[in-house]
Amino acid sequence: MEALRVWRASSNLLGFAVSRAAAAATASAGRAHRLHIRCCSPAAAATTKPPQDRRRRSASSSSTSDRDSIRAIRLKKVEELREKGYEPYAYKWDRTHTTKELQETYAHLEDGQVCTEAAVSIAGRIVARRAFGKLVFMTVRDDSGTIQLYCEKESLTEEQFEQLKAFIDIGDILGASGSIKKTEKGELSVYVNCFEILTKSLLPLPDKYHGLTDVDKRYRQRYIDMIANPEVADVFRTRAKVVSEIRKTMESFGFIEVETPVLQGAAGGAEARPFITHHNSLQRDLYLRIATELHLKRMLVGGLEKVYEIGRIFRNEGISTRHNPEFTTIEMYEAYSDYESMMNLAEEIVSRCAMATLGKLKVDYQGTEISLERPWRRETMHRLVEEATGVDFNSFGDIESAKNAATGLLGIKTESHENTSLQACSSVGHVLNEVFETVVESTLVQPTFVLDYPVEISPLAKPHRRHAGLTERFELFICGREIGNAFSELTDPIDQRSRFENQIKQHNAKRAAMGKKVKSAEGKGDDDDEYSYEVSLDEDFLTSLEYGMPPASGMGLGIDRLVMLLTNSASIRDVIAFPVLKLQQ
């Protein structure tokens with residue numbers, strides 16, 4: 001590209017001072033309210049050597065002192081523009097094209113050709129700028145791409161050209177109008193005949209050569225991340241496509257989207273530590289939802305047979321590359337179906353999202369090829385643990401034997417946190433789950449449905465129709481991560497109440513075994529304070545079941561983790577625009 005694509009922290013202070021003096025000396029009254037520079041007729045540009053100070057770039061240009069000085073200079077520019085009658089923060093700009101549309105429409109032009117009959121108008125952020133004597137090249141970027149602005153001195157007065165050089169900085173948002181030209185070097189350009197400063201940038205953009213490399217700053221100031229790294233915006237475009245495709249898929253199967261409360265009187269539908277808030281007028285504590293499940297099931301009781309919700313979930317737990325305290329899921333429930341139906345639907349949703357975003361079912365994730373071609377592997381939890389360890393947990397008649405076997409398998413030391421967690425297990429099913437999560441989960445790279453979980457860890461799932469002590473439940477794993485969780489839903493109100501009561505007892509036992517811990521100021525791992533909250537029954541949900549809920553299946557899918565897979569993102573923070581972070585020190 002003819003415009004040298006370099007990020008410049010600001011216009012040179014000396015050049016600005018000189019140009020201000022020149023502009024002030026030739027200023028005239030009765031200017032138009034908006035700053036318009038008109039450039040017409042092509043001419044050969046003189047190539048003069050750029051000033052020496054323009055070629056120099058200090059390694060400390062992004063330091064606080066330089067940042068403050070640049071801001072002060074640009075504030076002076078804003079002040080001077082207003083003194084001259086120009087408003088540097090416009091109300092609107094009428095565009096005829098995006099940069100991508102121009103690139104596609106006029107790609108056929110020959111090198112050096114000018115399309116004088118074209119009248120185009122674009123707008124975007126200036127991301128590169130270079131003056132070559134009588135020519136100024138600028139690169140403007142909008143949501144769709146970039147294009148070059150081509151401005152000639154011969155079409156301007158001395159004052160106008162000096163204004164062009166004095167007031168435009170990297171980072172400013174400009175509107176520009178003119179014809180279309182392809183330069184001798186083949187660069188499609190807007191041959192500018194007028195432009196307007198739409199937004200004057202006060203702070204310098206990151207240096208292009210060093211970029212925005214501070215990961216914490218990238219997450220904390222995502223807007224800078226998106227400017228400095230345009231590919232970041234593609235992640236969020238893909239995310240939008242995924243959500244849109246999920247909705248299309250659900251609607252194609254006859255599901256209705258509903259909305260359920262974020263503030264709830266009881267935290268139910270999952271075992272997770274909730275956020276607690278207080279409603280002043282009602283004088284009661286409320287919980288930010290940890291799942292949408294129980295309210296969606298109430299909709300089934302009310303007569304809607306296929307419902308879903310895409311919503312934000314809040315869990316007051318640890319932060320990691322896989323976990324954010326708030327995240328997005330879709331939960332869906334279908335009357336008169338079982339968990340086999342949900343396996344088929346999970347395959348349909350994920351494969352459709354892959355085709356919509358990537359156009360293929362082979363996904364490269366962090367150097368590993370993932371095949372989403374159907375059917376996906378289906379295997380029971382017991383069988384997977386036995387394959388990995390050689391131990392059949394069905395053979396244990398008592399919990400102590402299961403704990404002893406698990407201790408040996410996991411190599412747990414007596415005084416370790418892991419041993420405390422293992423000893424807090426209240427059933428063989430809990431021990432089996434501990435071994436599965438530690439040994440098996442990370443090995444499930446290709447899509448795998450893990451079936452038939454123990455009843456002790458599945459309080460909302462229907463008992464397995466053939467195997468006592470198990471439930472009709474599956475979890476979907478891809479790349480060693482849980483993507484989905486589904487059941488044949490429990491509809492017996494008496495059994496459901498008993499399960500909830502047992503869950504509360506188990507939680508309280510673990511709470512006592514783990515002991516009350518106080519987090520350090522920095523916070524620790526995901527398991528700190530894991531059981532230090534109280535669990536209560538959702539009596540209204542239990543009442544709704546007594547009115548009768550039809551046989552049904554339900555599933556929750558993690559949208560953030562699905563987007564991670566489809567965008568090859570290593571951390572959940574890469575796919576959430578503004579993730580929760582620690583306070584800056």
Next on the checklist: Do Ser442 and Arg481 pair up side chain to side chain, a donor and an acceptor below 3.5 Å, judged on atom types alone?
Outcome noted: no

Checklist entry - So, for Asp452 and Thr380, which heavy atoms are closest and what is the spacing to 0.1 Å? => result OD2-CG2, 3.7 Å

Next on the checklist: So which atom in Leu300 and which in Pro550 form the shortest heavy-atom distance, rounded to 0.1 Å?
Outcome noted: O-CD, 3.8 Å

Item to check | Test: Lys505 and Glu501 ion pair at under 4.0 Å | outcome: no

Item to check | CA sep, side-chain torsions, deciding dist, call: Glu475, Arg473, salt bridge (Lys or Arg N to Asp or Glu O under 4.0 Å) | outcome: CA-CA 7 Å; Glu475 286 186 321; Arg473 173 188 175 188; 3.1 Å; yes

Checklist entry - Would Ser488 and Ser553 count as having a side-chain donor-acceptor pair, cut-off 3.5 Å? => result no

Item to check | Inter-residue atom distance Ile572.CD1 - Ser320.OG, 0.5 Å rounding | outcome: 7.5 Å

Checklist entry - Would you find a donor on one side and an acceptor on the other, under 3.5 Å apart, between the side chain of His464 and the backbone of Arg466? => result yes

Checklist entry - For residues Asp574 and Tyr219, is any side-chain donor paired with an opposing acceptor at under 3.5 Å? => result yes

Next on the checklist: Closer than 3.5 angstrom, by distance alone: can the side chain of Ser252 be matched with the main-chain N or O of Thr249 as a donor-acceptor pair?
Outcome noted: yes

Checklist entry - Between the main-chain N or O of Ser337 and the side-chain N or O of Ser341, is there a donor-acceptor pair closer than 3.5 Å? => result no

Item to check | Under 3.5 Å: donor-acceptor pair, side chain of His279, backbone of Leu282 | outcome: yes

Checklist entry - Between Glu348 and Arg352, is the closest basic N to carboxylate O distance under 4.0 Å? => result yes

Next on the checklist: Just to verify, which of Glu309, Arg298, His295, Glu331 counts as forming a side-chain hydrogen bond (donor to acceptor under 3.5 Å, both in side chains) with Thr260?
Outcome noted: Glu309

Next on the checklist: Pair Glu456, Gln503 - check side-chain contact (heavy atoms from CB on, under 4.5 Å), show working.
Outcome noted: CA-CA 8 Å; Glu456 298 91 345; Gln503 185 185 29; over 6 Å; no

Next on the checklist: Given 3.5 Å as the limit, does a donor-acceptor pair link the side chain of Glu347 with the main chain of Leu372, or not?
Outcome noted: no

Checklist entry - Side-chain contact, heavy-atom cut-off 4.5 Å: Ile478 with Tyr365? => result no

Checklist entry - In terms of heavy-atom contacts, does NZ of Lys306 have more than 12 from other residues, nucleotides or ligands at under 6.0 Å? => result yes

Item to check | Ser458 side chain vs Val455 backbone, donor-acceptor pair below 3.5 Å | outcome: no

Checklist entry - How long is the span from the CZ atom in Arg220 to the CZ atom in Phe578, to the nearest 0.5 Å? => result 13.0 Å

Next on the checklist: Taking the ring centre of each residue, are Tyr339 and Phe487 less than 6.0 Å apart?
Outcome noted: no

Next on the checklist: What's the separation between atom CG in Leu358 and atom CE in Met355, rounded to the nearest 0.5 Å?
Outcome noted: 9.0 Å

Next on the checklist: Testing the 3.5 Å rule here: is there a donor-acceptor pair between the side chains of Arg312 and Thr328?
Outcome noted: yes

Checklist entry - Is the shortest heavy-atom distance from the side chain of Ser244 to the side chain of Lys241 under 4.5 Å? => result no

Next on the checklist: With rounding to the nearest 0.5 angstrom, report the CG to OG1 distance, Leu565 to Thr357.
Outcome noted: 9.0 Å

Checklist entry - What are the two closest heavy atoms between Leu460 and Arg499, and how far apart are they? => result N-NH1, 4.2 Å

Checklist entry - Any chance CD of Glu259 has more than 12 other-residue heavy atoms, nucleotides or ligands included, within less than 6.0 Å? => result no

Checklist entry - Between Asp560 and Arg239, does at least one N-O distance fall below 4.0 Å, as a salt bridge requires? => result yes

Item to check | Close side-chain approach of Ser544 and Lys297, heavy atoms under 4.5 Å | outcome: no

Checklist entry - Within a strict 4.5 Å, meaning less than it, do heavy atoms of the Asp143 and Thr98 side chains meet? => result no

Checklist outcome for this item: Nearest heavy-atom approach of Leu361 to Ser351 is CD2-O, 3.6 Å

Checklist entry - Can a salt bridge be assigned to the pair Arg289 and Glu326 using a cut-off of 4.0 Å between side-chain N and carboxylate O? => result no

Checklist outcome for this item: Exactly one of Val350, Leu566, Ile349 clears side-chain contact (heavy atoms from CB on, under 4.5 Å) with Val242, and that residue is Leu566

Checklist entry - Counting only N and O atoms by type, is there a donor-acceptor contact under 3.5 Å from the side chain of Thr407 to the main-chain atoms of Lys403? => result yes

Checklist entry - Among Val385, Ile457, Val428, Thr438, which residue meets the side-chain contact (heavy atoms from CB on, under 4.5 Å) test with Asn433? => result Ile457

Item to check | Pairwise side-chain contact, Asn502 with Ser426, heavy-atom cut-off 4.5 Å (strictly under) | outcome: no

Checklist entry - Between Arg561 (side chain) and Glu482 (backbone), is there a donor-acceptor pair under 3.5 Å? => result yes

Checklist entry - Are any non-hydrogen side-chain atoms of Glu369 and Val363 less than 4.5 angstrom apart? => result no

Next on the checklist: So that I can tick it off, tell me whether Glu340 and Arg378 are bridged by a salt bridge, with the cut-off set at under 4.0 angstrom between side-chain N and carboxylate O.
Outcome noted: yes

Next on the checklist: Are Phe436 and Phe477, when compared by the centres of their aromatic rings, separated by less than 6.0 Å?
Outcome noted: yes

Checklist entry - Taking NZ, NE, NH1 and NH2 as the nitrogens, is one of them in Arg465 or Asp338 under 4.0 Å from a carboxylate oxygen of the other? => result yes

Next on the checklist: Assess the residue pair Asp398 and Ser401 against the criterion (side-chain hydrogen bond (donor to acceptor under 3.5 Å, both in side chains)); give the C-alpha distance rounded to whole Å, side-chain angles, the decisive distance to 0.1 Å, and a yes or no.
Outcome noted: CA-CA 6 Å; Asp398 63 278; Ser401 299; 2.9 Å; yes

Next on the checklist: Donor-acceptor check, side chain of Asp538 to backbone of Phe541, threshold 3.5 angstrom: yes or no?
Outcome noted: yes

Checklist outcome for this item: Asp495 and Pro463 have their tightest heavy-atom pair at OD2-CG, 3.9 Å

Checklist entry - Does Pro325 have any side chain to side chain contact (heavy atoms under 4.5 Å, CB included) partners at least two apart in sequence or in another chain, and if so, which? => result Phe275, Ile319, Val580

Checklist entry - Looking only at atom types and distance, does a side-chain atom of Glu317 sit under 3.5 Å from a main-chain N or O of Arg273, one as donor and one as acceptor? => result yes

Next on the checklist: How long is the straight-line distance from CZ of Phe253 back to CG of Leu345, given to the nearest 0.5 Å?
Outcome noted: 6.0 Å

Item to check | Closest heavy-atom pair and its distance - Ala461, Thr471 | outcome: CB-CB, 3.7 Å

Item to check | Glu472/Lys462 ion pair, N-O < 4.0 Å | outcome: no

Checklist entry - Would you call Cys353 and Leu562 a side-chain contact if the rule is heavy atoms closer than 4.5 Å? => result yes

Next on the checklist: Whether Glu387 and Arg383 form a salt bridge (side-chain N of Lys/Arg under 4.0 Å from carboxylate O of Asp/Glu) is what I want to check.
Outcome noted: yes

Item to check | From CA spacing to verdict: side-chain contact (heavy atoms from CB on, under 4.5 Å), Met332, Phe255 | outcome: CA-CA 8 Å; Met332 62 209 76; Phe255 283 78; 4.2 Å; yes

Checklist entry - Yes or no on side-chain contact (heavy atoms from CB on, under 4.5 Å) for Leu286 and Ile276, after CA distance, side-chain angles and deciding distance? => result CA-CA 6 Å; Leu286 294 171; Ile276 304 173; over 6 Å; no

Checklist entry - Given Glu379 and Leu451, is the side-chain contact (heavy atoms from CB on, under 4.5 Å) satisfied, shown in steps? => result CA-CA 6 Å; Glu379 192 56 83; Leu451 312 177; over 6 Å; no

Next on the checklist: Quick check for you: to the nearest 0.5 Å, what is the distance between Leu288 atom CG and Ile313 atom CD1?
Outcome noted: 10.0 Å

